[in-house]
Amino acid sequence: MSGHHADAGTHEPERRAELPERRGPRPATTPVIPHQQIDQIAPVELQEELWRRMSGLPHVRTGASVVSLPETRALHLDPAHAHGPSTAFVRDSTEFAHLHGDHDGSLHALLPEGQAAEAVAKGWAEMHPVVHERGLAPTLVMVYGPRDAEELETVWTLVRRSHAFASGRTL
């Protein structure tokens, strides 16, 4: 046997897995802050299932976002586990993702540049307006809310990748 096992290790299959193409047109979004999704809104049950998963990630505390609207629920990584680069976090905090309110269903997350570009290219996300306005690293994206259970799995993959990025790992 060769020492070349692409699926050896706990994170190998995910790192190599490409995102599927998102079906249909992109949802309409606001081009300015607050950056929100305004159609194709995720059903509340899927938003709640996504939040249940998000809030159960290791070394995460939930709370208000340091940048978003009051109804936004954010994930903050325990500082002892926040080993990612500064481009993995919102401003000078340990917030790495937040889920908007039920009227929206999208989320903002920080992803490694290549993964953010892939999410945008495959139709799952768009760059946050501040990336272009302020010349920030292209790591902050809006991930569109999941419309069905299959899309929930892809959105969940993106959230886990954001968590890994903030933790100093790559999925």
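Only heavy atoms go into these numbers, but all of them, side chains included; no hydrogens, no water, no symmetry mates.
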A.B. asks: Are Leu107 and Val155 close enough that some pair of their side-chain heavy atoms sits under 4.5 Å apart?
C.D. replies: yes
A.B. asks: If Ile, Leu, Val, Met, Phe, Trp and Tyr residues are connected whenever their side-chain heavy atoms lie under 4.5 Å apart, and connections chain through other members, are Ile38 and Ile33 in the same group?
C.D. replies: no
A.B. asks: Does some side-chain heavy atom of Thr87 sit less than 4.5 Å from a side-chain heavy atom of Glu113?
C.D. replies: no
A.B. asks: Considering all heavy atoms of both residues, which atom of Pro43 and which atom of Pro146 are nearest to each other, and what is their separation?
C.D. replies: CD-O, 3.5 Å
A.B. asks: Between the main-chain N or O of Phe96 and the side-chain N or O of Ser162, is there a donor-acceptor pair closer than 3.5 Å?
C.D. replies: yes
A.B. asks: Within the structure provided, determine whether His98 and Val67 are in side-chain contact (heavy-atom separation under 4.5 Å).
C.D. replies: yes
A.B. asks: Please say yes or no: joined through hydrophobic side-chain contacts below 4.5 Å, possibly via intermediate residues, are Val159 and Met127 part of one cluster?
C.D. replies: yes
A.B. asks: Taking all atoms of both residues into account, what is the closest heavy-atom pair of Ala82 and Leu77, and its distance?
C.D. replies: CA-CD2, 3.6 Å
A.B. asks: Evaluate the side-chain proximity of Trp124 to Val141: yes if any heavy-atom separation is below 4.5 Å, no if none is.
C.D. replies: no
A.B. asks: Identify the heavy atoms of Thr170 and Gln115 that sit nearest to each other, and give their distance.
C.D. replies: CG2-NE2, 3.6 Å
A.B. asks: Taking a hydrophobic cluster as the set of Ile, Leu, Val, Met, Phe, Trp and Tyr residues connected by side-chain heavy atoms closer than 4.5 Å, whether directly or through intermediates, do Leu110 and Leu171 fall within one such cluster?
C.D. replies: no
A.B. asks: Going from CZ on Arg169 to NE2 on His81, what distance comes out if it is rounded to the nearest 0.5 angstrom?
C.D. replies: 11.0 Å
A.B. asks: When you look at Arg160 and Arg53, which way does the side-chain contact (heavy atoms from CB on, under 4.5 Å) test go after all the steps?
C.D. replies: CA-CA 10 Å; Arg160 289 183 11 252; Arg53 294 179 188 190; over 6 Å; no
A.B. asks: Which pair of non-hydrogen atoms, one from Leu69 and one from Pro34, has the smallest distance, and what is that distance?
C.D. replies: CD1-CB, 4.1 Å
A.B. asks: Are Met142 and Leu46 grouped together when hydrophobic residues (ILVMFWY) are joined by side-chain heavy atoms under 4.5 angstrom apart?
C.D. replies: no
A.B. asks: Mind checking whether Arg26 and Val120 have side chains closer than 4.5 Å, heavy atoms only?
C.D. replies: yes
A.B. asks: Pick out which of Arg22, Gln37, Glu126, Gln40 makes a side chain to side chain donor-acceptor pair (under 3.5 Å) with Tyr144.
C.D. replies: Glu126
A.B. asks: Closest approach of Glu95 and Val66, non-hydrogen atoms and distance?
C.D. replies: OE1-N, 2.7 Å
A.B. asks: Are any non-hydrogen side-chain atoms of Thr94 and Asp78 less than 4.5 angstrom apart?
C.D. replies: no
A.B. asks: Report the distance from atom OG of Ser65 to atom NE2 of His76, rounding to the nearest 0.5 Å.
C.D. replies: 6.5 Å
A.B. asks: Please check if Trp51 and Val44 belong to a single hydrophobic cluster, counting links between Ile, Leu, Val, Met, Phe, Trp and Tyr side chain heavy atoms closer than 4.5 Å.
C.D. replies: no
A.B. asks: How many angstroms lie between atom CG of Leu152 and atom OG1 of Thr154, to the nearest 0.5 angstrom?
C.D. replies: 9.0 Å
A.B. asks: Indicate yes or no: does Arg52 engage Glu48 in a salt bridge with an N to O separation below 4.0 Å.
C.D. replies: no
A.B. asks: For Asp92, is the CG atom crowded, meaning more than 12 foreign heavy atoms sit under 6.0 Å from it?
C.D. replies: no
A.B. asks: Output the distance between atom OG1 (Thr62) and atom CG (Leu99), rounded to the nearest 0.5 Å.
C.D. replies: 11.5 Å
A.B. asks: Which residue, His35, His108, Gln36, Glu71, forms the side chain to side chain donor-acceptor pair (under 3.5 Å) with His100?
C.D. replies: His108
A.B. asks: Taking the ring of His59 and the ring of His163, is the distance between their centroids below 6.0 Å?
C.D. replies: no
A.B. asks: To the nearest 0.5 angstrom, please state how far the CZ atom of Arg23 sits from the CG atom of Asp148.
C.D. replies: 5.0 Å
A.B. asks: Quick one, Leu111 and Glu118 - any side-chain contact, counting heavy atoms below 4.5 Å?
C.D. replies: no
A.B. asks: For Glu133, does the CD atom sit with more than 12 other heavy atoms under 6.0 Å from it, leaving out its own atoms?
C.D. replies: yes
